[in-house]
Amino acid sequence: MLAIAHIRAHRDKVIAALEKRAINATKQIDEAIAIDEERRATQVLLDQNLAEAKKVSAEIGALYKAGKHEEANAAKAKTGELKATNQELDAKLKQLERSLNDALSAIPNTPHSSVPAGKDSNDNEEVRRHGEAVANPQATPHWELTERFKLIDFETGVKITGAGFPIYTGKGAKLQRALIQFFLDQAEEAGYTEVIPPLMINADSGFGTGQLPDKDGQMYQATEDDLFLIPTAEVPITNMYRDMILDEASLPIKNVGYTPCFRREAGSYGKDVRGLNRLHQFDKVEIVQIEKPDRSYETIEHMVKYVEGLLQQLELPYRVLKLCGGDMGFTSALTYDLEIFSAGQERWLEVSSVSNFETYQSNRMKLRVKGADGKKYQAHTLNGSALALPRIVAGLLENNFDGERIVIPQALVPYTKFETIQA
RNA sequence: GGAGAGUUGGCAGAGUGGUCGAAUGCGGCGGUCUUGAAAACCGUUGACCUUUGCGGGUCCGGGGGUUCGAAUCCCUCACUCUCCGCCA
């Protein structure tokens, strides 16, 4: 979340920045500032009152030690009012702190100055494009190919679990595993440390990265144990650093993790969810980075370039979009989406989203860095998909289908150990 | 799932009602000594809120209670460990 001190100091700037998201946050911001003012005033009162009570207690202690029991008892009698006031102020302060936290949690991150204003995906800005976005003459969508070559069994997945939980079979399963291994190897080469995190997270972690309090409808929940299935590896990996003060010398932290991801995707329908386009369970390799504030914008460019490198090796045509304010996630300050062109469906498929959250997550997580001078500051967190598997698979199948067979890109052959998929 | 033990500063580990934010050791930082380093010695060393500053306040797993006063007593929750059960 945004720091209240920052909001207080830059009220107008914050409101102006949030307008890029096509929202007017004036009321929310002013309410937070008002709550904070009352909070601080209450804090001062409580502090004064506590100081007084502490003093009196010490005096009573001294009297008892000196054996002056009658005087001590007399002093005791006078403490009732102080105590009552303390309780009252304490309750009020806690209430205000809760309100402030709620108010701040409801304010999204302020977009970076380079983010275009806009309402939805129509206002996103295409930054660059690579490769030819040409339709396959066969124009065969991947759900036909996966059936024809027996790569994915959607039907049996429905029986076992439900729609959106496919079963990968034979070369389909091998392709999946090859891609994961390829992505992890690439990341390691680029300096990322691999982690295998838990697939379930608690509520504190959900709050830290911004899924909670109000995006819980997106996650599957194990209510008996108050745990959530991760919607992305971003959540457990970033939260590894929750409540920490990192040494500046340990930055940047670069982690990569492969995990299955679980998303309820309530409300999705139609061609968007056909085949591999949108699943409830899917595999993803995620890169997570923790950076010094003055380097994070340089870093996000590197991360995007890194992901582009993966797509180039897989020989997939893609474009890079800079998301407009209205299309960005709640917690992000800058997001690039990478989309590949799917030759069978003749549409762009999002395969990666790379974001800089600045201090939005680190504020929530209390993730700080201790500088060389001993001063502490909030770290910047970033992450990106590198890459999400299903749509990559869809693209590979559709784009490399020559009417007879599917040709595996050269970079992947050492991993699949086969060069083609055919009947 | 059953029984028991525990949770204190970066770490280890004292502390059972009144200058305890907390002994001591290790680690870290600064210094003395040394050509340099080590050793030794001396000093220093937590986080947070509030305040322009001085200062004040909070924090001994979380929450609640008893008390003039709680790291210390009571309740409750979470977590960790040990043993038993179950189990890949």
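Using C1' as the reference atom, G61(B) and U7(B) are 6 Å apart when rounded to the nearest Å. For the P atom pair drawn from G9(B) and C54(B), the interatomic distance equals 28 Å after rounding to whole Å. G1(B) and G25(B) are spaced 44 Å apart, taking the P atom of each and rounding to whole Å. A distance of about 14 Å separates the P atoms of G65(B) and U72(B), rounded to the whole Å. One C1' atom belongs to G62(B), the other to A71(B), and the distance between them is 15 Å to the nearest Å. U32(B) and C81(B): their P atoms are spaced 47 Å apart (whole Å). Atom name C1', nucleotides C83(B) and U45(B): the rounded distance is 41 Å, in whole Å.
For K94(A), a side-chain nitrogen or oxygen approaches OP1 or OP2 of G64(B) to under 4.0 Å. At the phosphate of C49(B), neither OP1 nor OP2 sits under 4.0 Å from any side-chain N or O atom of R39(A).
Among pairs with a residue in residues 283-295 of chain A, those fulfilling side chain to side chain donor-acceptor pair (under 3.5 Å) read Q176(A)-D283(A), Y192(A)-Q289(A), T232(A)-K284(A), Y258(A)-D283(A), K284(A)-E286(A), E291(A)-R295(A), E291(A)-T299(A), at least two apart in sequence or across chains.
Stem analysis of RNA chain B (at least three stacked-register Watson-Crick or G-U pairs, each with both distances under 3.5 Å) gives B:1-7 with B:78-84, B:10-12 with B:24-26, B:27-32 with B:40-45, B:46-50 with B:55-59, B:61-65 with B:73-77.
Scanning for ring pair (Phe, Tyr, Trp, His ring centres under 6.0 Å) contacts around Y415(A) gives F182(A), with sequence neighbours left out. In this structure Y168(A) satisfies the ring pair (Phe, Tyr, Trp, His ring centres under 6.0 Å) test with no other residue, sequence neighbours excluded.
In plain terms, the two heavy atoms of Q361(A) and T209(A) that are nearest each other are NE2-O, 3.2 Å.
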Could you go through nucleotides 67-72 of chain B and list every protein N or O atom that sits under 3.5 Å from one of its N or O atoms, giving the distance for each pair?
from   : atom 1 : to     : atom 2 : distance (Å)
C68(B) : O2'    : S57(A) : OG     : 3.1
G69(B) : O4'    : S57(A) : OG     : 3.1

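With respect to the salt-bridge test (charged N to carboxylate O, under 4.0 angstrom), the residues E339(A) and R391(A) do not qualify. Taking a cutoff of 4.0 Å between a charged side-chain nitrogen and a carboxylate oxygen, D90(A) and K94(A) qualify as a salt bridge.
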Between N383(A) and V354(A), is a side-chain contact (heavy atoms from CB on, under 4.5 Å) present by the stated rule, with each step listed? CA-CA 6 Å; N383(A) 68 50; V354(A) 184; over 6 Å; no
Reading nucleotides 51-57 of chain B from 5' to 3' and marking B where a protein heavy atom lies under 4.0 Å of the base, S where only the sugar-phosphate is that close, and - otherwise, the string is S----BS
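Ring centroids of H112(A) and Y297(A) are separated by less than 6.0 Å, placing the two rings close together.
Sequence order on RNA chain B of the closest nucleotides to K376(A) and A62(A) puts A62(A) first from the 5' end.
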